[in-house]
Amino acid sequence: MSDDNELIRRRLAKLRALRERGIDPFGSRYPVTHWVRDFERLRDRATEEELRNLGTVSVAGRIMALRHHGKTCFAHLRDYTGQIQLYARADQLADDYALFTELDVGDFIGATGELFRTRTGELTVAVKSFAFLAKSLRPLPEKWHGLKDVETRYRQRYVDLLVNQGVREVFTLKSRLIKAVREFLDARGFLEVETPMMQPIPGGAAARPFVTHHNALGTDLYLRVAPELYLKRLVVGGLDRVYEINRNFRNEGVSTQHHPEFTMLEFYQAYADAGDLMELTEALLLHLAQSLTGSPRLTYQGESVDLSPPWRRLSFFQGLSEALGAPVAPDADPGSVQRLARAKGIEVDSEAIGGQLWKELFETLVEPTLAEPTFVFDFPLELSPLSKRRRENPRLADRFELFAARTELANAYTELNDPHEQRERFREQATQRERGDDEAHWLDEDFIRALEYGMPPTAGEGIGIDRLVMLFADQPSIRDVILFPALRPESQAAGAGNGEER
RNA sequence: GAGCCGUUAGCUCAGAAGGUAGAGCACCUGCCUUUUAAGCAGGGGGUCGGUGGUUCGAUCCCACCACGGCUCACCA
């Protein structure tokens with residue numbers, strides 16, 4: 001919307017007019033005495049006398065609505081904490097009344113006056129004086145229907161936040177959730193740390209990295225796909241309980257469940273195993289539910305999810321066996337498994353063998369059934385190159401994933417702490433990489449060296465924070481819980497239409 | 001990356017056999033000193049996402065492109 005838009009032209013004209021009268025449309029500080037929330041107590045209960053005793057108050061915020069009535073004018077002013085009505089009268093404001101009626105929805109003003117209650121009972125500031133704090137030059141979306149266009153909501157999140165009531169609540173909830181995670185872990189003696197986001201060897205997850213370049217060091221670096229290998233180095237260094245909440249970057253497609261940068265909690269606890277983390281995870285999510293909503297029962301997209309522990313525990317192969325209608329085990333013949341799958345109408349990639357086959361089948365057959373919180377445990381070892389083996393069955397990893405609302409929320413395992421076996425596992429990954437799997441893990445010599453110094457038995461877990469927020473805030477797309485989701489750049493034409501000029 | 005759907009006024013949406021478009025809100029003018037989706041009367045505003053093609057004529061049909069959404073694929 002360039003300047004030839006009538007609505008913008010009108011506002012620019014008002015801007016000029018203000019300046020000609022010696023008024024700065026973009027004012028400076030305003031001595032606010034009250035946030036709107038401070039009036040909350042008074043809103044319904046205060047008597048006329050109590051309101052009078054309060055004397056003069058000063059509020060500041062954005063005009064959200066204007067109702068002109070000739071010689072009076074009502075406005076709604078919104079600050080960070082709420083909305084309050086303003087009432088301006090020609091006989092009170094004298095010459096300034098004309099200025100008040102020139103205000104536009106979207107403008108920031110500061111207003112000073114006394115509180116009173118209107119005929120309809122609404123708490124209102126009778127404006128004695130006001131100041132221009134910032135002129136708004138673009139019209140806001142409609143007061144009734146708000147902003148619905150998804151693209152605009154994501155690209156211009158500031159407008160979305162302004163106009164759509166629930167959006168701010170989602171991101172407030174995200175912030176509260178992260179805070180509650182910290183409370184929970186801090187209370188259990190975990191230390192929050194930060195590890196490199198730019199890594200010379202991207203490790204800790206099977207994923208394709210983003211590449212960037214450091215000029216002074218003259219080297220390529222990768223945006224991390226996981227902090228895992230660095231956090232374990234810290235456990236080697238004696239930090240027995242560490243966690244990090246930060247961004248991971250994976251060079252993959254986007255979907256309602258996936259975003260190229262996403263926030264992940266990873267934590268490591270020495271002298272524990274995956275089983276301990278199941279209990280910790282139950283306790284953590286329960287704590288979150290209590291902090292955020294006060295109840296372990298949630299509704300996600302019309303479906304109820306009950307986080308009350310204990311949660312269902314399902315072994316990977318038991319889940320698969322049930323889905324396939326015949327028992328399968330890690331050493332099953334791939335051909336016969338593929339036949340079983342086909343009998344169920346599932347066409348699997350004939351290239352897929354071993355871990356890949358299991359993974360494909362599990363994702364197709366079992367994951368979509370996991371609505372209630374479920375720990376899936378005993379993963380095929382091939383899928384878990386950083387995880388310790390099960391003693392009873394060396395083809396299984398001591399690992400679990402948490403599913404709820406048919407989505408993977410967490411991934412945890414007892415960490416492999418034998419440096420020689422870790423080197424072997426990396427070698428296997430290297431062969432896969434040579435076979436063209438560009439998501440296979442890279443060999444990280446320094447990580448092996450760290451393990452050679454000795455890492456205590458440790459359990460580690462990663463939890464996708466954005467997905468957790470989706471669950472708690474009942475949002476269908478990960479883009480709805482990321483303030484500025486990744487989008488293609490606006491085209492030249494669209495850019496011109498959105499006024500990047502000025 | 002593939003398939004399907006979408007893009008009309010600042011916003012939310014209608015619309016037509018193919019004959020250059022409409023509503024509500026917002027905006028402008030007038031009236032209005034307790035309104036609140038204020039009201040009443042009048043008015044302005046559109047390269048119908050872009051580029052080509054078919055046609056006497058395209059916003060509508062066709063092709064290509066851009067952007068977005070959903071599903072699939074990959075991952076968490």
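To find a chain, count down the sequence lines: A is the first, B the second, and so on, and within it residues start at 1.
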Hey, does the side-chain of A:R67 have a donor or acceptor N/O within less than 3.5 Å of a partner on the base of B:U35? yes
How does protein reach along nucleotides 24-31 of chain B, written 5' to 3' as B (base within reach of a heavy atom under 4.0 Å), S (only sugar-phosphate), or - (no contact)? BBSSS---
A:T256 and A:S477: side chain donor to acceptor below 3.5 Å: no
A:S384 side chain to A:R399 side chain, donor-acceptor N/O pair below 3.5 angstrom: yes
To the nearest angstrom, how far is A:F74 atom CZ from B:G39 atom P? 14 Å
P atoms of B:G10 and B:G50, separation to the nearest Å: 13 Å
Does B:G68 have its OP1 or OP2 closer than 4.0 Å to a side-chain nitrogen or oxygen of A:R155? yes
Sticking with atom P, work out how far B:U47 lies from B:C11, rounded to a whole angstrom. 12 Å
Which part of the nucleic acid does A:E439 contact within heavy-atom distance under 4.0 Å: base, sugar-phosphate only, or nothing? sugar-phosphate
For the aromatic rings, using the six-membered ring if either is Trp, is the centroid distance between A:Y222 and A:W442 under 6.0 Å? yes
Is the closest side-chain donor-acceptor distance between A:H76 and A:E122 under 3.5 Å? yes
Selection residues 82-121 of chain A - residue pairs positive for ring pair (Phe, Tyr, Trp, His ring centres under 6.0 Å), sequence neighbours left out: A:F74-A:Y87, A:Y87-A:F116, A:F100-A:F130
B:A76, OP1 or OP2 - any side-chain N/O from A:N411 closer than 4.0 Å? no
When you compare the side chains of A:E461 and A:T281, does any donor N or O come within less than 3.5 Å of an acceptor on the partner? yes
Let me have the donor-acceptor pairs involving side chains of residues 365-380 of chain A, under 3.5 Å, with sequence neighbours excluded, atom names and distances please.
residue	atom	partner	partner atom	Å
A:T369	OG1	A:V366	O	2.6
A:E372	OE1	A:D306	N	3.2
A:T374	OG1	A:E372	O	2.8
A:D378	OD1	A:R390	NE	3.4

Using the C1' atom as the point on both nucleotides, what is the distance between B:G22 and B:A9, in whole Å? 10 Å
Hey, are A:T414 and A:D273 close enough side-chain-wise for a donor-acceptor pair under 3.5 Å? no
Is a side-chain donor-acceptor pair under 3.5 Å present for A:Y154 with A:D160? no
Find the distance A:I84:CD1 to B:U34:P and express it as a whole number of Å. 19 Å
With C1' as the reference atom in both, quote the distance from B:G30 to B:U34 in angstrom, rounded to an integer. 22 Å
If we take the C1' atom in both B:U8 and B:C48, what is their distance in whole Å? 4 Å
Please report the distance, rounded to the nearest Å, between NE2 in A:H69 and P in B:U33. 10 Å
Name all residues meeting the side chain to side chain donor-acceptor pair (under 3.5 Å) criterion together with A:Q92; count only those two or more places apart in sequence or in a different chain, and write none if there are none. none
If we ignore hydrogens and angles and just use 3.5 Å, is the side chain of A:H259 paired with the main-chain N or O of A:E261 as donor and acceptor? yes
Pick the P atom in B:C72 and in B:C28, then give their distance to the nearest Å. 48 Å
Over all strands shown, is A:G146 touching base, sugar-phosphate only, or nothing at heavy-atom distances under 4.0 angstrom? sugar-phosphate
Please give, in whole Å, the distance from B:U35 C1' to A:R89 CZ? 13 Å
Any side-chain heavy-atom pair of A:E244 and A:M264 under 4.5 Å: no
Can you list the stems that include RNA chain B, where a stem is three or more consecutive Watson-Crick or G-U pairs with distances under 3.5 Å? B:1-7 with B:66-72, B:10-13 with B:22-25, B:27-31 with B:39-43, B:49-53 with B:61-65
C1' gap between B:U33 and B:A21, integer Å: 41 Å
Quick one: A:H76 NE2 to B:U34 P, roughly how many Å, whole number? 16 Å
Going by modelled atom types, is there a donor-acceptor pair between the base of B:U35 and the side chain of A:Q85 at under 3.5 Å? yes
Centres of the A:W358 and A:F317 rings: under 6.0 Å? yes
Would you mind reading off the distance between A:L386 atom CG and B:A76 atom P, rounded to a whole angstrom? 12 Å
Test of ring centre spacing under 6.0 Å for A:F400 and A:Y413: no
Which part of the nucleic acid, if any, lies within reach of A:E408 when heavy atoms closer than 4.0 Å are counted: base, sugar-phosphate only, or nothing? sugar-phosphate
Please give, in whole Å, the distance from B:A76 C1' to A:L402 CG? 12 Å
Expressed in whole Å, how much space separates the P atoms belonging to B:A14 and B:U54? 33 Å
What does the list of N/O pairs under 3.5 Å between the protein and nucleotides 70-73 of chain B look like, with a distance for each?
residue	atom	partner	partner atom	Å
B:C70	OP2	A:R479	NH1	3.0
B:C70	OP2	A:R479	NH2	3.4

Quick one: is B:C67 close enough that its OP1 or OP2 comes under 4.0 Å of any side-chain N or O from A:R488? yes
Below 3.5 Å, does any donor atom in the side chain of A:T118 face an acceptor in the base of B:U35, or the other way round? yes
Identify whether any heavy atom of A:A206 sits under 4.0 Å from a base atom; if not, whether one sits that close to sugar-phosphate; answer base, sugar-phosphate or nothing. sugar-phosphate
